[in-house]
Amino acid sequence: MDANEILDYCLSKKAVTESFPFDNETLVLKVDTKMFLLMGLERQPLSINVKTDPEWSAELREQYSQIEGAYHMNKTHWNSVAVDGLKRDLILKLIDQSYDLVFKSLTKKSRELINNS
């Protein structure tokens, strides 16, 4: 997958916004006000940071050399994923889980507003 495919997929989800709060190269995607994906647009190979369940994180890091603890983030919950060489289905599953984990952490009111929009 390339950056545009990842961005389009993320933006198809409810209440997702994009911004560059850190610099001009790191695209941050949020659900409501919370980050669920970061993507370094200038980095090659393309890499994304996603939130994952801690147990699955350990399994992913053992199984794939392209997945490691995310730099400057809580490595228990965040993974850096070098997209090259990974199957599209796995990348989409990682994005979905990140979105879902962050969505579940929103307030009940925020979740209801998003679900009813």
Side-chain angles (χ1 to χ4, degrees):
M1 291 184 78
D2 66 23
N4 288 325
E5 290 174 298
I6 291 169
L7 178 59
D8 289 345
Y9 184 74
C10 292
L11 291 175
S12 72
K13 296 180 172 296
K14 285 187 170 192
V16 171
T17 58
E18 58 182 304
S19 64
F20 291 90
F22 305 118
D23 56 40
N24 294 333
E25 298 173 8
T26 307
L27 176 64
V28 174
L29 294 159
K30 296 180 181 181
V31 56
D32 195 32
T33 61
K34 295 189 176 190
M35 296 186 303
F36 75 95
L37 186 139
L38 291 88
M39 181 166 39
L41 299 177
E42 300 298 320
R43 292 191 59 188
Q44 291 301 326
L46 179 63
S47 179
I48 60 174
N49 286 1
V50 290
K51 192 169 189 172
T52 50
D53 174 80
E55 288 182 24
W56 195 37
S57 288
E59 182 182 318
L60 289 165
R61 292 173 194 171
E62 288 177 18
Q63 193 171 1
Y64 300 98
S65 62
Q66 300 97 322
I67 300 176
E68 57 188 25
Y71 185 65
H72 283 308
M73 301 186 84
N74 182 327
K75 290 166 183 47
T76 302
H77 298 280
W78 287 87
N79 283 309
S80 182
V81 179
V83 174
D84 286 352
L86 293 178
K87 291 184 179 181
R88 177 183 176 86
D89 289 346
L90 176 60
I91 296 165
L92 296 178
K93 187 174 180 180
L94 289 164
I95 294 169
D96 289 343
Q97 183 175 90
S98 186
Y99 177 90
D100 292 343
L101 287 168
V102 173
F103 182 84
K104 289 175 188 171
S105 74
L106 299 174
T107 64
K108 182 179 179 182
K109 183 178 180 179
S110 291
R111 290 192 312 267
E112 287 174 355
L113 284 170
I114 291 167
N115 282 330
N116 294 327
S117 65

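Every value quoted in this text rests on a predicted model; they were computed, and no experiment measured them.
- Residues passing the side-chain contact (heavy atoms from CB on, under 4.5 Å) test with Ser65: none are found, sequence neighbours excluded.
- Checked against side-chain contact (heavy atoms from CB on, under 4.5 Å), Ser117 has no partners two or more places apart in sequence or in another chain.
- Within the structure, every pair that satisfies the ring pair (Phe, Tyr, Trp, His ring centres under 6.0 Å) test and touches residues 36-61, not counting sequence neighbours, is listed here: Phe36-Tyr99.
- Of the possible donor and acceptor atoms, one in the side chain of Ser105 sits under 3.5 Å from a partner among the backbone N and O of Val102.
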Run the side-chain donor-acceptor check on residues 81-94: report pairs under 3.5 Å with partners two or more places apart or on a different chain.
{"residue": "Arg88", "atom": "NH1", "partner": "Glu5", "partner atom": "OE2", "Å": "3.4"}

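- For residues 47-61, no pair satisfies salt bridge (charged side-chain N to carboxylate O under 4.0 Å, His left out), with sequence neighbours left out.
- Distance check, rounded to the nearest 0.5 Å: NE2 of His77 to OG of Ser98 gives 12.0 Å.
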Which is it for Leu41 and Met39 under the side-chain contact (heavy atoms from CB on, under 4.5 Å) test, yes or no, and what are the steps along the way? CA-CA 6 Å; Leu41 299 177; Met39 181 166 39; 4.1 Å; yes
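- Across Gln66, Glu68, Glu62, a single residue satisfies side-chain contact (heavy atoms from CB on, under 4.5 Å) together with Tyr64, and that is Gln66.
- For the side chain to side chain donor-acceptor pair (under 3.5 Å) test, residues two or more places apart in sequence or in another chain that qualify with Thr26 are Asp23.
- Under the side chain to side chain donor-acceptor pair (under 3.5 Å) criterion, Lys13 pairs with Asp96, not counting sequence neighbours.
- Two residues are said to be in side-chain contact when any heavy atoms from C-beta on lie closer than 4.5 Å; Ile6 and Leu37 meet this criterion.
- Nearest approach of Ala3 to Leu46, heavy atoms of both residues: N-CD2, 3.4 Å.
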Begin with the C-alpha distance, continue with both residues' side-chain angles, and end with the deciding distance and a verdict on side-chain contact (heavy atoms from CB on, under 4.5 Å) for Leu7 and Glu18. CA-CA 9 Å; Leu7 178 59; Glu18 58 182 304; 4.0 Å; yes
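- Cluster partners of Phe22 are Val28, Met35, Leu38, Met73, Trp78, counting Ile, Leu, Val, Met, Phe, Trp and Tyr whose side-chain heavy atoms approach within less than 4.5 Å, directly or via other members.
- The hydrophobic cluster containing Leu60 also contains Met1, counting ILVMFWY residues as joined when their side-chain heavy atoms lie under 4.5 angstrom apart, directly or transitively.
- In this structure Thr33 satisfies the side chain to side chain donor-acceptor pair (under 3.5 Å) test with no other residue, sequence neighbours excluded.
- Counting only residues at least two apart or in different chains, salt bridge (charged side-chain N to carboxylate O under 4.0 Å, His left out) contacts with residues 33-46 are absent.
- Note on Ile114: it clusters hydrophobically with Val16, by side-chain heavy-atom contacts below 4.5 Å among ILVMFWY residues.
- The side chain to side chain donor-acceptor pair (under 3.5 Å) test applied to Ser57 returns Thr52, Asn79, not counting sequence neighbours.
- Membership of an apolar cluster is not assigned to Leu113, as no side-chain contact below 4.5 Å to another ILVMFWY residue is traced.
- The local environment of CG in Asp2 is crowded, with over 12 non-hydrogen atoms from other residues, nucleotides or ligands closer than 6.0 Å.
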